[in-house]
Each structure stands twice: as structure tokens, then as C-alpha cells.
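To keep things clear, I will list the structure first and then write my remarks on it.
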Amino acid sequence: MTAIILDGKALVKQREVKLESDVAELIQRNGNRTPILATILVGSDPASGTYVQMKGNACRRIGMDSIKVELSEETTTEQLLAKIDELNQNPDVHGILLQHPVPAQIDERACFDAISIEKDVDGVTTKGYGLMAMGEPAYGSATPAGIMHLLEHYNIELNGKHAVIVGRSPILGKPMAAMLLNANCTVTICHSRTTDLASHIKQADILVGAVGRPEFIKAEWIKDGAVVVDAGYHPGGLGDIDKAGLEERVAALTPVPGGVGPMTINALISQTLTAAQQAAQ
């Protein structure tokens, strides 16, 4: 068996052709108003700065605009809330991204939840999560949404499969579980404190590594024929999953980098376009 490589980078190139066309059409019929994503970066974390830059570049590739809001490390919750409210009230802004993580003195959850549901294109609000989990219209958290697009593109069968997610963050593990449950998977959520983690992973038809620790999930825990999705990225090009020998015995596998990461950004800008289309109506 040779695994299908779930190539997010290649899929993004295909999706961006359609997105560019859709953006041009929207601009033409909407009085030359360009869809705009506002990104908020608090502090000077280099990795966060790089991610924000990549998101801005992705917007420009398809003809959208990006407003970069940069705030100091000393920003308070109240100041950040005021900036979010300003962007909520700006009719030219269609999507708002608050880059995670923010400095420790800020109440991140309060700030996420201050984003207007119509502009929550990164899928981070409590309301958005609740709507998505209940199968109602909402923008899904960008990384899980990107993973779902990837699985759909490669015709990965989800109906009735046992999906195991390792990780429980509110913007990755939990929404991923809800999306797979809504797709008729049987879902197990594990985490770093799960007792006998290996025994759970060995049952997975579909495994999603989202624990945030390099190679925390060992290759020998994964059964033959599984679909393996690695949502981690760490220095040296490591993911959350040790992939030694997996390509020869699993059904499908995401590369790191080039698998989930590009799909996350693509889901974000795709949902921003949808928000702009909704606003135009």
C-alpha cells in the first residue's frame, strides 16, 4: 500500500483560481468594492507576524484586500475590544481575524466573542461554534474547515467511520470533532492526559493530530489503512505525528508542511469572500 498524499498546497492552487474569478465578479457587480479582511496582531511574536503576512498575501493573490492592524504588547483587553468594535462597525471590512495567541493580560475569549458573527470568518466565536455544531449556517474554524475541504477533495469516505482527534482546543480539536460528527463519523476526542492514548489511536479509521506537541503521536500506534491528518507544525518541519514508515501502510496522509497549513489560510479567505457576498446582498 502506498498512501495518497493529501496535498493541501496543490489543492489551494486549484481553489484560488475559482476564488479569484468569484472575487472579480463580486467587485464588478458591487460598485468596485473589494472584499476586505482585517487582521489584528497584538505584540511582536515572530511566528504570529509571519502567519498574518501569509494571510495578507493569500488575500492579494485572489484580488482581495487586507487591512493589517498592529497593536503593542502592552495592549489591554479594553483597548483591543474597542478596536474590534471599530472594525465591526466599518462596512468596508467583511472579515476580522484576531491572531492567536494574544499577550497574557488580554482576555482572549472575550475578544474573540466580540467579533461580529457576520465577520467571524475565522470561526472563533462561541456563537459561531454553537451554530456550526448544531448544523446551522456559520463560518467554521479555519483549520478544521480546511481539513474538511481537503478530505472532500480526495474523496475520503467519512460516513460511519471512527474518527479520533488528539487535541481539544476551542479553535481546532473541538470544532474538528463537531464537523466530523456532523459528517456521520463516530468521534473520539483524546488529549495529552488521555489514559492509554495508544489504544484509542489504534481504533482510528481517521486520525487527526492536533495536540500541539512535536511527534507526540507515535507511528506504531496507527493502524494500517488509516487516514492520517497532521494539523501540527513545529521547528524542523515536524508535525504532531511521527510518520516513520506510515506512507507504506496507511491509506492517506497529509505532508508537513504543505498539507493542513495552506488549507487553513484558504478556508479563511474563502469564508471572507462569502461574508462579502452576503454583505453585498
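The analysis underlying the following values was restricted to heavy atoms, covering all of them including side chains, and did not include hydrogens, waters or symmetry mates. On a predicted model such as this, the values are computed, not experimentally measured, just so you know.
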Could you check whether any side-chain N or O of [X] sits under 3.5 Å from a backbone N or O of [Y], counting only pairs where one atom can act as donor and the other as acceptor?
| X | Y | value |
| --- | --- | --- |
| Ser48 | Ser44 | no |
| Ser270 | Asn266 | no |
| Ser141 | Gly123 | yes |
| Gln105 | Thr75 | yes |

Q: Could you tell me which residues satisfy salt bridge (Lys or Arg N to Asp or Glu O under 4.0 Å) with Arg109, sequence neighbours excluded, listed by chain and number?
A: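 For Arg109 the salt bridge (Lys or Arg N to Asp or Glu O under 4.0 Å) partners, ignoring immediate neighbours, are Asp113.
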
>> Run the salt bridge (Lys or Arg N to Asp or Glu O under 4.0 Å) test against Asp240 and tell me which residues pass, sequence neighbours left out.
In response: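 Checked Asp240 against salt bridge (Lys or Arg N to Asp or Glu O under 4.0 Å); zero matches.
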
Qualifying salt bridge (Lys or Arg N to Asp or Glu O under 4.0 Å) pairs with a residue from residues 68-87, counting only residues at least two apart or across chains
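Qualifying pairs: Lys83-Glu86.
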
| field | salt bridge (Lys or Arg N to Asp or Glu O under 4.0 Å) pairs, two or more places apart, involving residues 33-62 | value |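 Salt bridge (Lys or Arg N to Asp or Glu O under 4.0 Å) check on residues 33-62 returns Glu16-Arg61, Arg33-Asp92.
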
To the nearest 0.5 Å, what is the distance between [atom1] on [X] and [atom2] on [Y]?
| X | Y | atom1 | atom2 | result |
| --- | --- | --- | --- | --- |
| Met64 | Leu26 | CE | CG | 10.0 Å |
| Tyr154 | Thr254 | OH | OG1 | 11.0 Å |
| His94 | Leu87 | NE2 | CG | 12.5 Å |
| Ile206 | Thr188 | CD1 | OG1 | 12.0 Å |

Looking at side-chain heavy atoms only, is the closest gap between [X] and [Y] below 4.5 Å?
| X | Y | answer |
| --- | --- | --- |
| Phe112 | Leu98 | yes |
| Val121 | Leu97 | no |
| Cys111 | Val102 | no |

* side chain to side chain donor-acceptor pair (under 3.5 Å) assessment of His200 paired with Thr194 -> CA-CA 9 Å; His200 295 283; Thr194 297; over 6 Å; no

Please tabulate, for the side chains in residues 212-229, all donor-acceptor contacts under 3.5 angstrom to protein atoms that are two or more places apart in sequence or on a different chain.
from, atom 1, to, atom 2, distance (Å)
Lys218, NZ, Glu215, O, 2.8
Lys223, NZ, Asp205, OD1, 2.8
Asp224, OD1, Arg249, NH1, 2.8

Please table the atom pairs, donor to acceptor, closer than 3.5 Å between any side-chain atom in residues 165-178 and protein atoms at least two apart or in another chain.
from, atom 1, to, atom 2, distance (Å)
Ser169, OG, Leu172, N, 3.0

(Q) Surrounding CD of Glu248 (heavy atoms of other residues, nucleotides or ligands, distance under 6.0 Å), is the total greater than 12? (A) yes

